[in-house]
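Order of the sequence lines fixes the chain letters, A, B, ..., with proteins taken first and strands second; residue numbering starts at 1 for each chain. Values below: all heavy atoms of this structure, side chains included; hydrogens, waters and symmetry mates excluded.
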Amino acid sequence: MDKDSFFQDVYEVARLIPRGRVTSYGAIAKYLGVARSARVVGWAMNGAVTNQEVPAHRVVNRVGLLTGKNHFATPTLMQELLEAEGVEIRADQVVNFDKHFWDPIVELGL
DNA sequence: TGCGTGACCACGG
DNA sequence: CCCGTGGCCACGC
């Protein structure tokens, strides 16, 4: 595996997130075999905001909090995108996060 | 080249 | 749940 393709891997997994579902940075990191490097996933998402191919709004932190909303074009864009997909947001947090949670390890297998 | 910072997470108290 | 600590890795200065 090329180490340089880490960002690409992150983007690829993010692309696989179904509409109306969300996942966490840690879940993606763990799926890629770098569970301790969840922060880098966030950094990768930072560059994904400008990438229409990658739904960065479907990636939240481990408790379903929209920690990255501040990095979008507008602080409300992330929530609006999720709500448009049927994901209910309450106080910058995904309601029934466990129900909307999409774990690549479970869904894609490891 | 080295240090601080960050869209995080796990662990212990 | 909150708080402090350590670790991870990429990036900017």
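Linking Ile, Leu, Val, Met, Phe, Trp and Tyr whenever their side-chain heavy atoms come within less than 4.5 Å puts A/Tyr31 and A/Val10 in one cluster.
The shortest distance between the side-chain N/O atoms of A/Ser24 and the OP1/OP2 oxygens of B/dC8 is not below 4.0 Å.
Mapped onto DNA chain C by nearest heavy atom, A/Val34 and A/Val63 fall at different nucleotides, with A/Val63 at the one closer to the 5' end. Summary of the strand contacts: A/Lys30 and A/Gly47 both lie near DNA chain B, and taking for each the nucleotide with the nearest heavy atom, the more 5' one is attributed to A/Gly47.
As a whole-Å value, the separation of A/Gln79 CD from B/dA7 P is 19 Å. One interatomic measurement links the two molecules: CG of A/Leu32 to P of C/dC9, which rounds to 13 Å at whole-angstrom precision. Whole-Å rounding puts the A/Arg62 CZ to B/dC11 C1' distance at 11 Å. If you take CZ of A/Phe7 and C1' of B/dA7, they are 12 Å apart, rounded to a whole angstrom. Distance CH2 (A/Trp43) to P (C/dG7): 22 Å, rounded to an integer number of Å. Nucleotide B/dA7 holds its P atom 12 Å from the CE atom of A/Met78, rounded to whole Å. As a whole-Å value, the separation of A/Tyr25 OH from B/dA10 P is 14 Å. The distance from atom NZ of A/Lys69 to atom P of B/dG6 is 18 Å, rounded to the nearest whole Å.
When heavy atoms are screened at a 4.0 angstrom cut-off, A/Val41 is found touching no nucleic acid atom at all. Here A/Asn46 lies in heavy-atom contact (under 4.0 Å) with a base.
Pairing partner, C/dC11: B/dG4, with both Watson-Crick or wobble hydrogen-bond distances short of 3.5 Å.
For A/Glu83 and A/Gln79, the side-chain atoms include at least one donor-acceptor pair closer than 3.5 Å. For A/Glu88 and A/His100, the side-chain atoms include no donor-acceptor pair closer than 3.5 Å.
The base of B/dG6 sits within donor-acceptor range of the side chain of A/Arg39, with an N or O pair under 3.5 Å.
Checking C/dC8, C/dA10, B/dC9 against every side-chain atom of A/Ser37, the shortest atom distance belongs to C/dC8.
A/Glu85 has a carboxylate O that lies under 4.0 Å from a charged side-chain N of A/Arg58, or vice versa, which qualifies the two as a salt bridge.
The shortest side-chain heavy-atom distance between A/Leu108 and A/Leu16 falls under the 4.5 Å cut-off.
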